[in-house]
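See structure below.
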Amino acid sequence: DGLRVPRQVRLLQRLKTKPLMTEFSVKSTIISRYAFTTVSCRMLNRASEDQDIEFQMQIPAAAFITNFTMLIGDKVYQGEITEREKKSGDRVKEKRNKTTEENGEKGTEIFRASAVIPSKDKAAFFLSYEELLQRRLGKYEHSISVRPQQLSGRLSVDVNILESAGIASLEVLPLHNSRQRGSGRGEDDSGPPPSTVINQNETFANIIFKPTVVQQARIAQNGILGDFIIRYDVNREQSIGDIQVLNGYFVHYFAPKDLPPLPKNVVFVLDSSASMVGTKLRQTKDALFTILHDLRPQDRFSIIGFSNRIKVWKDHLISVTPDSIRDGKVYIHHMSPTGGTDINGALQRAIRLLNKYVAHSGIGDRSVSLIVFLTDGKPTVGETHTLKILNNTREAARGQVCIFTIGIGNDVDFRLLEKLSLENCGLTRRVHEEEDAGSQLIGFYDEIRTPLLSDIRIDYPPSSVVQATKTLFPNYFNGSEIIIAGKLVDRKLDHLHVEVTASNSKKFIILKTDVPVGPQKAGKDVTGSPRPGGDGEGDPNHIERLWSYLTTKELLSSWLQSDDEPEKERLWQRAQALAVSYRFLTPFTSMKLRGPVPRMDGLEEAHGMSAAMGPEPVVQSMRGAGMQPGPLLKKPYQPRIKISKTSVHGFRREEQIFSNVMKFPFASILEL
């Protein structure tokens, strides 16, 4: 019995001192695959002394933060996106700053802000971000991190989806916590999390997740509930795709189906160095057995294992038969882990195999050549210089071979793998140390198992369209989607001429059509009420923001690939101007915190609306107050912001370049 008192005292002390989260709410609005999300978090300091508090939020790696506002007591601090100042020596160095890496869930990064709340006072944090949802395996996925770190009296997730083409399917997955830091038990349950309500009709869906404190505690006592994930797809009528127009901007979604698959020429390149010993190699082998069985009769394949030596199963590509699959499995089964890692040599051999086959078979135009490359390390044998490996690979592949890379664990040179894929029309994935490498590999392969078109080119009349995003694509895989956005020269245009040329397994195909351009309505939010004004241009425009998001991503990608300094500088200037103009936090921009300024009535109401159309109203109301850069705060109340750019997914490689994260007093700059 003597033990009980101190425990109660400790509990009382903890209850008394820990700031209470009174509300954690997330509101998302997705209009035509483009998602606006605002997170609101309110805290109360019940203690009789001032207290440190921290707000943290995992956001998807592909998203751009657009706004951050903090209310401490009656003071308002407003984030402002500005140009990032280039320091001398801003050459991109091939090194990563390990100390700031904090892994969120796969494909996320963590935003943190900390401040001091005076005794008995309140604080509120508002974070907005935007992203274009990517179609994978036939679905769009919108994931919201629900990890308030404590049980919250008012916790809610409210998502609106508006798709004019019509919603074909929609499901809410069980809460997902791949890294079981919490006591979350959402894993085995099937179906949506408790309290989820879904309302939908043909073109609109509203999903609300609003668990009581008791329901939250059943999922996770510590408030780490996991990812709330919505998956959906839309109807597709026309083979040439869906074109949507609003106020002079257009977006073209192209995802054809019902085409025969193209033959694949694929070389599996596996790291069999000593570090792959144990679970990693076993899981990888098991996954490859599954993948080999999935190959189609018209495909060709080979297998390369590499450590210090390059071990090629057959020195030519083999056709798919029951016997060749069995022999391939036996070869993989006997691979044993030993030695170092000759990444350059392995890639050169794989590319030579593919080039030789294509040159002699004459099937080149009507097949797709792929390398699936898996490693858990850095280059240690043969050519170890990153830039040389990249140059050698690019020169050998000549744009004819697409390289899909998978990096396993914490010791992998992920920047190298990303650039290999980025420069050679592929994709990349990272598998964390504690994750199942096999299931990740199978999921990744599933995305590329069915190529339907190659050498795709989409043309619009130059007299009608300007500043279009990328219009050339090496491959189109079933279940994915090609997205192009641009500006229309003539806003009154009633038809847009579109030509798509591509190769499929039988022939060269050309689709031509005049797409009717619907009435270009002024923006309405999903509830039908007119939205607050944007940048003096009338209504904010989700298609314009989608265009600016895609254009910024492409400029980042080009900037990363370029080795020419004058070109890099031009790309930097263009990307920076665009990101500042649309308030995207990127490697080219910084966030300055302005404040404190006195709080105005109505600010919180503006925040409630901001998710529906992005961050405009808050910024408007702050500007309306004639806000001046505030003075530096007195020492005890210096909030800090930190953004951890961690797992780098798809197009996110750019953001890892600047991992020097600063904690800062007011009116100083957050650098990525």
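Each residue takes its place number in the sequence, starting with 1. Owing to the predicted nature of the structure, the values given are computational and were not obtained by experimental measurement.
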Margin query: Any heavy-atom pair between the side chains of Q440 and I406 that's under 4.5 Å?
Written below: no

Checklist line | 4.5 Å side-chain heavy-atom contact, V401 and N424 | finding: no

Next item on the list: Considering non-hydrogen atoms only, spot the tightest contact between V213 and G153 and give its length.
Entry: CG2-CA, 3.9 Å

Next item on the list: Locate the shortest heavy-atom distance separating I240 from V498; write the atom from each residue and the value.
Entry: CD1-O, 3.8 Å

Margin query: Under a plain distance cut-off of 3.5 Å, with no hydrogens placed, do T66 and S128 share a side-chain donor-acceptor pair?
Written below: no

Note to self: Both conditions, 6.0 Å and 45 degrees, for the charged tip of K553 above the ring of F64: are they met here?
What the structure shows: yes

Next item on the list: Check for a donor-acceptor pair, side chain of R491 on one end and backbone N or O of N247 on the other, with a separation under 3.5 Å.
Entry: yes

Check: Distance from S557 atom OG to E423 atom CD, nearest 0.5 Å?
Finding: 9.5 Å

Notebook entry, point to check: Are R33 and E481 ion-paired here, with the side-chain N under 4.0 Å from a carboxylate O?
Noted result: yes

Note to self: Return the CZ to CD1 distance between F404 and I448, rounded to the nearest 0.5 Å.
What the structure shows: 4.5 Å

Item checked: Reported CD-to-CZ distance for the pair E447 and F477, which is rounded to 0.5 angstrom -> 9.5 Å

Note to self: I'd like to know if the side chain of Q215 reaches the main chain of T212, judged simply by a donor and an acceptor atom lying under 3.5 Å from each other, with no hydrogens or angles considered.
What the structure shows: yes

Next item on the list: Kindly give the heavy-atom pair with the smallest separation between N67 and G79, and that separation in Å.
Entry: OD1-O, 4.1 Å

Notebook entry, point to check: Is any side-chain heavy atom of T108 closer than 4.5 Å to a side-chain heavy atom of D227?
Noted result: no

Note to self: Ignoring hydrogens and geometry beyond distance, is a side-chain donor-acceptor pair present between N235 and E237 at under 3.5 Å?
What the structure shows: no

Next item on the list: Examine the side chains of S548 and T551 and answer whether a donor and an acceptor come within less than 3.5 Å of each other.
Entry: no

Checklist line | V234 backbone acceptor or donor facing R236 side chain under 3.5 Å | finding: yes

Notebook entry, point to check: Between L162 and T29, is a side-chain contact (heavy atoms from CB on, under 4.5 Å) present by the stated rule, with each step listed?
Noted result: CA-CA 8 Å; L162 188 65; T29 296; 6.0 Å; no

Which pairs would a plain distance check flag for residues 203-210, meaning a side-chain donor or acceptor within less than 3.5 Å of a matching protein atom at least two apart in sequence or in another chain?
from : atom 1 : to   : atom 2 : distance (Å)
N206 : ND2    : D158 : OD1    : 2.9
N206 : ND2    : V159 : O      : 3.4
N206 : ND2    : N160 : OD1    : 2.8

Check: Atom CD in E499, atom OG1 in T471: separation rounded to 0.5 Å?
Finding: 12.5 Å

Next item on the list: List the steps and the verdict of side-chain hydrogen bond (donor to acceptor under 3.5 Å, both in side chains) for T405 and T428.
Entry: CA-CA 5 Å; T405 57; T428 187; 2.9 Å; yes

Notebook entry, point to check: Does any N or O in the side chain of S421 come within less than 3.5 Å of the main-chain N or O of I403, such that one atom is a donor and the other an acceptor?
Noted result: yes

Next item on the list: Start with the C-alpha distance between I230 and I30, add both sets of side-chain angles, then the distance that settles side-chain contact (heavy atoms from CB on, under 4.5 Å), and finish with yes or no.
Entry: CA-CA 11 Å; I230 297 166; I30 304 167; 5.9 Å; no

Item checked: Flag if over 12 foreign heavy atoms under 6.0 Å of CD, E202 -> no

Notebook entry, point to check: Between F55 and F68, what is the ring plane arrangement, given parallel below 30°, perpendicular above 60°, and tilted in between?
Noted result: parallel

Check: Side chains of E130 and Y582: is there a donor and an acceptor less than 3.5 Å apart?
Finding: no

Next item on the list: Starting at CZ of R366, measure out to CG of L262 and round the result to the nearest 0.5 Å.
Entry: 10.0 Å

Item checked: Intermediate values then yes/no, ring-ring contact (aromatic ring centres under 6.0 Å, His included), F254 and F473 -> CA-CA 11 Å; F254 181 60; F473 301 88; 8.7 Å; no

Margin query: Could you tell me if the side chain of S464 sits less than 4.5 Å from the side chain of L496, heavy atoms only?
Written below: yes

Notebook entry, point to check: Counting N and O atoms only, with roles assigned by atom type, does the side chain of Y476 sit under 3.5 Å from a partner on the main chain of P256, one being a donor and the other an acceptor?
Noted result: yes

Check: Do the side chain of S164 and the main chain of S32 share a donor and acceptor less than 3.5 angstrom apart?
Finding: no

Item checked: Student check: side-chain heavy atoms of N504 and P260 closer than 4.5 Å -> yes

Note to self: Quick check against the 3.5 Å criterion: does E23 have a side-chain atom that pairs as donor or acceptor with the backbone of R154?
What the structure shows: no

Check: For R296, does the CZ atom sit with more than 12 other heavy atoms under 6.0 Å from it, leaving out its own atoms?
Finding: yes

Checklist line | Sidechain N-carboxylate O distance under 4.0 Å for R429, E435 | finding: no

Check: Parallel, tilted or perpendicular for Y140 and Y232, by the 30°/60° rule?
Finding: tilted

Notebook entry, point to check: Is it the case that D233 and S169 place a side-chain donor and acceptor less than 3.5 Å from each other?
Noted result: no

Next item on the list: State, with a plain yes or no, whether a side-chain heavy atom of F228 is found less than 4.5 Å away from one of T196.
Entry: yes

Margin query: Let me confirm one number: the CD1-CG distance from I456 to L472, rounded to the nearest 0.5 Å.
Written below: 9.5 Å

Next item on the list: Compare every heavy atom of M57 with every heavy atom of S145, then report the nearest pair and how far apart it is.
Entry: O-CE, 3.3 Å

Checklist line | N177 side-chain N/O to I224 backbone N/O, donor-acceptor pair under 3.5 Å | finding: yes

Notebook entry, point to check: Taking side chain as C-beta onward, heavy atoms only, is H542 less than 4.5 Å from L246?
Noted result: yes

Next item on the list: Determine whether more than 12 heavy atoms belonging to other residues, nucleotides or ligands lie under 6.0 Å from atom CZ of R135.
Entry: yes

Next item on the list: Check the pair I543, V245 against side-chain contact (heavy atoms from CB on, under 4.5 Å), reporting the backbone distance first and the verdict last.
Entry: CA-CA 7 Å; I543 296 182; V245 176; 5.6 Å; no

Checklist line | Side-chain (D299) to main-chain (K264) donor-acceptor, under 3.5 angstrom | finding: yes

Margin query: With side-chain contact (heavy atoms from CB on, under 4.5 Å) as the criterion, how do F250 and Y460 come out once you've worked through the C-alpha distance, each side chain's angles and the decisive distance to 0.1 Å?
Written below: CA-CA 12 Å; F250 79 92; Y460 312 95; 3.9 Å; yes

Notebook entry, point to check: Which atom pair, heavy atoms only, marks the closest approach of R545 to Y34?
Noted result: O-OH, 3.6 Å

Notebook entry, point to check: Which pair of non-hydrogen atoms, one from P474 and one from C425, has the smallest distance, and what is that distance?
Noted result: CG-CB, 3.3 Å

Next item on the list: Please answer whether the main-chain N or O of A485 pairs with a side-chain N or O of T469 as donor and acceptor at a distance below 3.5 Å.
Entry: yes

Check: Can you find a heavy atom in the side chain of E141 that is under 4.5 Å from one in the side chain of I229?
Finding: yes

